[in-house]
Number of protein chains: 2
Amino acid sequence: MKFQRHNAIRELVGHSLVSNQDELRRKLRRRGFEVTQATLSRDIHELRLSKGPGGYSLPNGNGIHGAAAAAIDNGPPSVAEMIESFGLRANQAMNQVVVRTAMGGAQPVAAALDREAWPEVVGTVAGDDTVLVICPDPRRAAEVEARLRTILES
Amino acid sequence: MKFQRHNAIRELVGHSLVSNQDELRRKLRRRGFEVTQATLSRDIHELRLSKGPGGYSLPNGNGIHGAAAAAIDNGPPSVAEMIESFGLRANQAMNQVVVRTAMGGAQPVAAALDREAWPEVVGTVAGDDTVLVICPDPRRAAEVEARLRTILES
DNA sequence: AGCGGAGTTGCATAGTTATTCATTTACCGT
DNA sequence: ACGGTAAATGAATAACTATGCAACTCCGCT
């Protein structure tokens with residue numbers, strides 16, 4: 001089971017020196033986990049471990065396990081949430097959409113848009129209360145405008 | 001000189017995303033350091049950098065020594081230098097080009113663009129990590145995109 | 001000048017990690 | 001039960017990083 005293996009990896013990396021993935025593979029095998037290097041590469045990525053002079057280490061100091069980890073992991077705010085919180089209106093202009101928000105709401109909205117990386121959005125620029133959304137062409141801008149309006153009106 | 005190069009590496013790693021040694025090599029070349037990947041591997045070891053999900057990072061906490069960092073950068077930063085330091089990617093959309101940068105990199109990049117006053121650029125708008133470059137028409141925007149990409153990939 | 005050692009680097013390549021592709025497995029809704 | 005879909009994984013391999021070695025430079029000494 002992947003979850004158990006992840007915990008074992010955290011434990012090994014936190015309490016002993018692990019210099020490379022093959023060493024990790026051997027240590028895990030002693031604990032009953034038999035997987036290949038490819039899987040460990042993916043595990044390490046998912047656990048966001050980093051590799052430095054002293055082998056692998058946990059992501060910046062916090063070695064939280066199990067339940068505590070899950071509690072913190074409340075995904076980042078979605079575009080829908082941000083628009084619901086801050087959005088005032090959205091207007092298309094050529095290949096752009098201008099989104100007006102409450103004061104100070106532009107940055108969070110733009111950040112959420114960037115993170116979700118909609119295919120119709122090339123990029124965003126945010127001020128204090130205005131987000132400029134750049135699309136490849138007017139058609140895509142219209143789609144974005146429509147989608148944002150749907151959220152605004154819901 | 002090795003010492004200067006080490007400082008440049010610290011600066012690049014601290015202020016921009018460096019995903020691998022070849023990328024670091026290209027960014028250093030723009031600043032006048034011409035070395036091979038082998039040397040960078042040694043430099044990284046000596047600087048005790050670590051590599052994680054967000055590229056290379058400085059050894060836990062100690063940032064750049066302000067004076068030393070400033071000493072490297074004399075003349076007004078060029079667009080090429082700024083793009084090398086902060087640029088992530090460039091995408092054209094109609095008569096605009098959206099430039100994504102490392103967090104906080106948009107303002108310096110836009111300032112450099114404004115100062116160099118390219119004929120194909122009408123103006124720029126910068127947020128935290130995105131610069132919107134306005135061109136007179138799509139053709140000119142394509143030229144700007146191509147030129148920025150050349151820098152990014154050089 | 002000539003010698004010898006320490007330091008730095010590039011080249012080639014060994015060592016390590018990430019990714020692609022195909023397969024297997026588990027779970028859904030019909 | 002049966003296709004359809006998504007998650008997990010291994011094998012092969014691409015991509016990336018470290019290292020042995022030779023060449024070169026820079027000093028300090030004779």
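In what follows, chains carry the letters A, B, and so on, assigned in the order in which the sequence lines appear, proteins first and then strands, with residues in each chain numbered from 1. Reckoned from all heavy atoms, side chains included, excluding hydrogens, waters and symmetry mates.
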Please check the phosphate of C/dT9 (OP1 and OP2 only) for any side-chain N or O of B/Arg5 closer than 4.0 Å.
yes
Candidates C/dC11, D/dA12, D/dT17 - which lies nearest the side chain of B/Ala38:
C/dC11
What is the distance from CD of A/Gln21 to C1' of D/dC16, rounded to the nearest Å?
12 Å
Separation of atom CZ in A/Phe33 from atom C1' in D/dA8, rounded to whole Å
15 Å
5′-ward residue of the pair B/Asp43/B/Lys51 relative to DNA chain C:
B/Asp43
Nearest whole angstrom, please: distance from the C1' of C/dT17 to the CZ of A/Arg42.
12 Å
Could A/Arg149 and A/Glu145 be called an ion pair, given the rule that one side-chain N must be under 4.0 Å from one carboxylate O?
yes
Ignoring backbone atoms, test whether A/Lys2 places a side-chain nitrogen or oxygen under 4.0 Å from the OP1 or OP2 oxygen of D/dA7.
no
OP1 or OP2 of D/dG10 sitting under 4.0 Å from any side-chain N/O of A/Thr39?
yes
If the threshold is 4.0 Å, N to carboxylate O, is there a salt bridge linking A/Arg42 and A/Glu46?
no
To the nearest Å, how far apart are B/His45 NE2 and C/dT9 P?
15 Å
Taking atom P of D/dT17 as reference, at what distance in whole Å does atom CD1 of B/Ile9 sit?
13 Å
Taking only side-chain N and O atoms of B/Tyr56, does any of them lie within less than 4.0 angstrom of OP1 or OP2 on D/dT17?
yes
Of the listed nucleotides (D/dT17, C/dG10, D/dG10), which one gets closest to any side-chain atom of B/Asn20?
D/dT17
Value in whole Å for how far the C1' atom of C/dT16 lies from CZ of A/Arg25
13 Å
What is the distance, to the nearest angstrom, from the CD1 atom on B/Ile44 to the C1' atom on D/dC16?
11 Å
Is any side-chain N of the basic residue among B/Lys27 and B/Glu23 closer than 4.0 Å to the acidic one's carboxylate O?
yes
Value rounded to 0.5 Å, distance of CG in B/Leu132 from OG1 in B/Thr124
8.5 Å
Let me know the distance between CG of B/Asp22 and C1' of D/dT17, rounded to the nearest Å.
11 Å
N or O in side chain of B/Ser41 less than 4.0 angstrom from D/dT17 OP1/OP2
no
At under 4.0 Å, does any side-chain N or O of A/Gln37 touch on OP1 or OP2 of D/dA12?
no
Sugar-phosphate only, base, or nothing, as touched by B/Glu46 at under 4.0 Å among non-hydrogen atoms:
nothing
d(A/Ser41 OG, A/Leu24 CG) to nearest 0.5 Å is 11.0 Å
What's B/Glu34 touching, base or sugar-phosphate or nothing? Going by heavy atoms closer than 4.0 Å.
sugar-phosphate
